[in-house]
Amino acid sequence: MTVRTRFAPSPTGYLHIGGVRTALFNWLFARRHGGQFILRIDDTDAERNRPEALQPILDGFRWLGIDWDEGPDVGGPYGPYFQAQRKDLYYQAAMRLLETGHAYPCYRTKEELDAERKEAEKAKKSYIHRGEHRQTPPDECLRLYRHKPALVRLKVPEGRGVIIDDLIAGKVEVQTEAIGDPVILRADGSALYNFATAVDDIHLKITHVIRAKEHLSNTPVQVLVYEALGASLPKFAHVPVVNAPGSNKKLSKRDAKKFMTPEIVAKLRAVHAVPADWTDEQVMNLETLNPVMVAFYQALGYLPAALVNYFGRLGWSLDDKTEIIPLEDMIRHFGLERVNNSPAAFDPEKLLWLAGEYMRMLPLEDKTAGVIPFLQRAELVGDSVDEATRIKIRRVLEACGDRLKVYSDIFQYGAFFFRDPIYDPQAVQKRLRKEGAAELLRNISAELEKIAPFEHAELETRLKPYCEANNLKIGDLNHVLRVATTGVTIGPGVFEILAILGKEETQRRIGTALQLVESV
RNA sequence: GCCCCCAUCGUCUAGUGGCCUAGGACAUAGCCCUCUCAAGGCUAAGACAGGGGUUCGAGUCCCCUUGGGGGCACCA
């Protein structure tokens with residue numbers, strides 16, 4: 001039997017990290033065993049469902065390279081893949097249960113139920129609902145239901161345990177005494193989650209249900225549905241939740257606001273992920289781009305491979321030391337046996353480190369192609385990039401070396417290559433407003449004028465003797481030159497910078513810097 | 001309240017009774033390299049939640065306590 005796994009997001013929010021991790025585990029497991037990975041959309045809750053929230057989810061998966069064999073856009077033999085379009089299936093299954101005596105209609109009103117619940121609470125007993133039609137014969141139940149549709153409840157068998165042999169959580173047993181007869185169908189004929197999920201998983205021939213740990217306590221009910229429907233059980237694997245950084249609380253999209261610190265807002269502005277004329281208030285209220293969402297990392301220019309590696313390692317390990325696990329290796333070795341059975345906290349710093357490692361491994365050509373959209377969004381290069389610009393970008397990237405961990409780091413290390421320097425007052429104060437700095441700059445300028453070709457090696461071999469002759473340290477010269485030509489104190493090596501800028505531009509910037517210093 | 005689950009450095013993890021004086025990684029600190037910033041190299045600090053058992057021997061098995069999580073819906 002071929003392995004079939006599924007991920008069933010509900011389009012109520014955007015693709016967030018915990019979901020991606022769960023989806024990735026499903027995907028890896030399917031790929032590892034040459035099976036199929038299915039995307040099913042749990043959109044039965046019309047109130048919370050936002051149709052526009054689906055596209056970002058699909059886009060996010062595609063960006064990460066998590067593809068699905070069946071689901072939205074691609075179809076498949078067991079469709080439709082939207083629960084909202086599968087209502088007939090649930091209804092039919094519920095009718096079958098009614099016929100076979102595994103379910104019964106329940107005419108109790110909400111008020112009555114609430115009262116019973118309150119009573120039980122008062123008596124300090126847990127409330128386990130058992131409807132009066134449990135004992136009613138199937139044909140009578142069916143007749144009643146046809147006559148007057150109502151809630152349909154599953155008849156939970158009494159006096160036995162339900163055992164879940166979970167691939168991650170181990171053996172879990174629950175007594176049926178602790179399970180109230182669950183509603184499987186509302187009076188309007190719509191299905192409830194626990195029922196719809198089981199019906200779908202049966203219909204989709206899912207062999208391995210890999211999902212978040214919070215569903216573990218739902219599983220006994222679903223197992224009972226499987227049994228009532230006469231279906232064979234899939235394997236279950238409940239993946240522990242992902243916790244918020246530095247906490248033992250589950251990472252939640254409802255936490256999104258908390259992540260919107262001034263630092264994050266500044267970061268989003270820096271990468272031009274939001275319109276420049278937005279107020280801080282507007283950016284703060286943006287719920288789609290924050291560290292809980294995958295789109296955030298895309299906007300900042302994280303390499304998708306790094307995210308996949310990170311999420312793969314969050315709760316799963318290859319061995320006792322491997323951190324960087326290329327996708328092919330992950331697929332080859334992924335297994336549920338090595339998934340931890342305790343929650344893991346999301347660590348953005350380790351993710352950043354991994355992003356840097358992947359960026360470092362990326363061929364220059366790919367890096368160039370990847371960084372261009374970021375430069376375009378910031379309007380540092382035009383919409384169409386000609387060959388000369390492309391070569392320049394490549395040279396800039398080469399000069400930046402391993403400094404780039406994510407694409408948006410280009411703004412920090414290389415923006416000045418594509419626009420005039422923005423002189424940082426502190427840098428100017430420290431390096432240019434020093435005694436003799438202006439004169440030094442003028443002298444260097446004269447020296448630079450004599451250098452040809454204006455290349456890294458030539459600059460270095462000519463400027464070093466100059467320093468020695470004038471009793472200067474190379475650093476003294478470079479600091480001044482760096483601030484004069486870039487406006488800031490950080491960046492690639494100064495000789496590389498000058499070579500990329502070219503003699504003319506270098507001289508022009510030195511001139512600007514001199515004017516700036518002498519104007520006050 | 002009831003039911004279920006979890007527990008190794010700050011964080012991700014290795015560990016399935018002797019290989020553990022508990023290994024690796026991120027982060028942290030120091031040093032080296034160096035024109036800045038990164039990167040890199042070296043070094044340091046840092047954990048078996050607590051208490052009982054079982055055993056010749058326990059991070060590893062059992063029980064209790066504590067702490068945490070999830071569920072107990074006509075949400076998914």
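Every chain is numbered from 1 and lettered A, B, ... according to where its sequence line falls, protein lines coming before strand lines.
- Between Arg86(A) and His203(A), the side chains place a donor N or O and an acceptor N or O closer than 3.5 Å (distance only, hydrogens not considered).
- Pairing for A25(B) is with U11(B), a Watson-Crick or G-U wobble pair whose two hydrogen-bonding atom distances lie under 3.5 Å.
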Can you pull every protein N or O that's under 3.5 Å from an N or O on nucleotides 5-9 of chain B?
residue: C6(B); atom: OP1; partner: Asn341(A); partner atom: ND2; Å: 3.3

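- One interatomic measurement links the two molecules: CZ of Arg21(A) to P of C12(B), which rounds to 11 Å at whole-angstrom precision.
- Summarising the base pairing, A45(B) is matched to no nucleotide, lacking a Watson-Crick or G-U wobble pair whose two defining distances lie under 3.5 Å.
- In this structure, G1(B) forms a base pair with C72(B), meeting either the Watson-Crick or the G-U wobble geometry with both donor-acceptor distances under 3.5 Å.
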Each nucleotide N or O in nucleotides 59-67 of chain B that has a protein N or O under 3.5 Å away: list the pair and distance.
none

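- On the C1' atoms, A58(B) is 16 Å away from G50(B), given to the nearest whole Å.
- Nucleotides C48(B) and G59(B) place their C1' atoms 5 Å apart, quoted to the nearest Å.
- Partners of Tyr91(A) according to the side-chain contact (heavy atoms from CB on, under 4.5 Å) rule, which considers only residues two or more places apart in sequence or in another chain, are Met95(A), Tyr145(A), Leu185(A).
- In this structure, Ile490(A) and Phe346(A) both approach RNA chain B, and ranking their closest nucleotides by distance from the 5' end singles out Phe346(A).
- Aromatic ring centroids of Tyr302(A) and Tyr358(A) lie 6.0 Å or more apart.
- A 3.5 Å limit on both hydrogen-bonding distances identifies no Watson-Crick or G-U partner for C37(B).
- Going from atom CG of Asp319(A) over to atom P of G23(B) covers 16 Å, rounded to whole Å.
- For Ala228(A), the side-chain contact (heavy atoms from CB on, under 4.5 Å) partners at least two apart in sequence or on another chain are Leu97(A), His102(A), Leu154(A).
- Spacing of P atoms, C32(B) relative to C20(B), comes out at 34 Å, to the nearest Å.
- Note: CG (Leu498(A)) to P (C35(B)) measures 15 Å, nearest angstrom.
- Of the two residues near RNA chain B, Val174(A) and Leu314(A), the one whose nearest nucleotide lies more 5' is Val174(A).
- In this structure, the nucleotide among G40(B), G15(B), G70(B) sitting nearest to the side chain of Lys250(A) is G70(B).
- Near-neighbour residues of RNA chain B inside residues 461-475 of chain A, defined by a heavy atom below 4.0 Å, number-ordered: Ile474(A), Gly475(A).
- Going from the P atom of C6(B) to that of U55(B) covers 26 Å, rounded to whole Å.
- Using a cut-off of 4.0 Å between Lys/Arg side-chain N and Asp/Glu carboxylate O, Arg394(A) and Glu398(A) are scored as not salt-bridged.
- There is a side-chain donor-acceptor pair under 3.5 Å between Asn194(A) and Gln222(A).
- Of all heavy-atom pairs between Ala196(A) and Ala191(A), the closest is CB-CB, 4.1 Å.
- When the P atom of C72(B) is taken as reference, atom CD of Glu177(A) falls 19 Å away, rounded to whole Å.
- When the nucleotides C74(B), G71(B), A14(B) are ranked by their closest atom to the side chain of Arg117(A), C74(B) comes out on top.
- Separation of the P atoms belonging to U13(B) and A49(B) is 15 Å when rounded to the nearest angstrom.
- Listed by chain and residue number, Glu173(A), Glu177(A) satisfy the side-chain contact (heavy atoms from CB on, under 4.5 Å) test with Gln175(A) (two or more places apart in sequence, or in another chain).
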Stepwise salt bridge (charged side-chain N to carboxylate O under 4.0 Å, His left out) check, Arg6(A) with Asp201(A): CA-CA 8 Å; Arg6(A) 50 71 165 179; Asp201(A) 287 339; 2.7 Å; yes
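- Residue Glu214(A) contributes atom CD, which lies 15 Å from atom C1' of C72(B) at whole-angstrom precision.
- Considering OH of Tyr226(A) and OG1 of Thr219(A), their distance stands at 10.0 Å, rounded to 0.5 Å.
- Residues in residues 464-474 of chain A take part in these salt bridge (charged side-chain N to carboxylate O under 4.0 Å, His left out) pairs, two or more places apart or across chains: Glu460(A)-Lys464(A).
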Within the sub-3.5 Å range, which N or O atoms of nucleotides 25-29 of chain B have a protein N or O partner, and how far apart are they?
residue: A25(B); atom: O4'; partner: Glu323(A); partner atom: OE2; Å: 3.4
residue: A25(B); atom: N3; partner: Lys350(A); partner atom: NZ; Å: 3.3
residue: C26(B); atom: O2'; partner: Lys350(A); partner atom: N; Å: 3.3

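- Ion pair Arg160(A)/Glu227(A) flagged as a salt bridge, since at least one NZ, NE, NH1 or NH2 atom sits closer than 4.0 Å to an Asp/Glu carboxylate oxygen.
- For Arg360(A), no side-chain nitrogen or oxygen approaches OP1 or OP2 of A38(B) to under 4.0 Å.
- Side-chain proximity of Tyr413(A) to G23(B), A76(B), A38(B): nearest is A38(B).
- Cation-pi geometry between Arg21(A) and Phe25(A) is met: under 6.0 angstrom from the ring centre, within 45 degrees of the axis.
- Ionic pairing of Glu357(A) and Arg360(A) is present here: one or more N-O contacts between side-chain nitrogen and carboxylate oxygen are shorter than 4.0 angstrom.
- Rounded to whole Å, the separation between the C1' atoms of C61(B) and G69(B) comes to 24 Å.
- Rounded to an integer number of Å, the gap from Leu318(A) CG to C12(B) P is 19 Å.
- Partner assigned to U60(B) is none, using Watson-Crick or G-U wobble distances below 3.5 angstrom.
- For the P atoms, the distance linking U65(B) with C2(B) amounts to 12 Å, nearest Å.
- Using a cut-off of 4.0 Å between Lys/Arg side-chain N and Asp/Glu carboxylate O, Lys350(A) and Glu323(A) are scored as salt-bridged.
- Taking the C1' atom of each, U28(B) and C12(B) are spaced 16 Å apart, rounded to whole Å.
- For G24(B), the OP1/OP2 oxygens have no side-chain nitrogen or oxygen of Arg313(A) closer than 4.0 Å.
- Scored by the salt bridge (Lys or Arg N to Asp or Glu O under 4.0 Å) test, Glu439(A) finds no partners at all (sequence neighbours excluded).
- Only Val183(A), Arg186(A), Leu192(A), Tyr193(A), listed by number, bring a heavy atom of residues 182-195 of chain A to less than 4.0 angstrom from any atom of RNA chain B.
- Partners of Tyr466(A) according to the ring pair (Phe, Tyr, Trp, His ring centres under 6.0 Å) rule, which considers only residues two or more places apart in sequence or in another chain, do not exist here.
- A search for side-chain contact (heavy atoms from CB on, under 4.5 Å) contacts involving Leu192(A) returns Val183(A), Arg186(A), not counting sequence neighbours.
- Distance, Asp476(A) CG to U34(B) P: 16 Å, rounded to whole Å.
- Distance, Glu337(A) CD to A14(B) P: 12 Å, rounded to whole Å.
- For Ser217(A) and G70(B), the shortest distance from a side-chain N or O to OP1 or OP2 is not below 4.0 Å.
- Between His215(A) and Tyr193(A), the distance from one ring center to the other falls under 6.0 angstrom.
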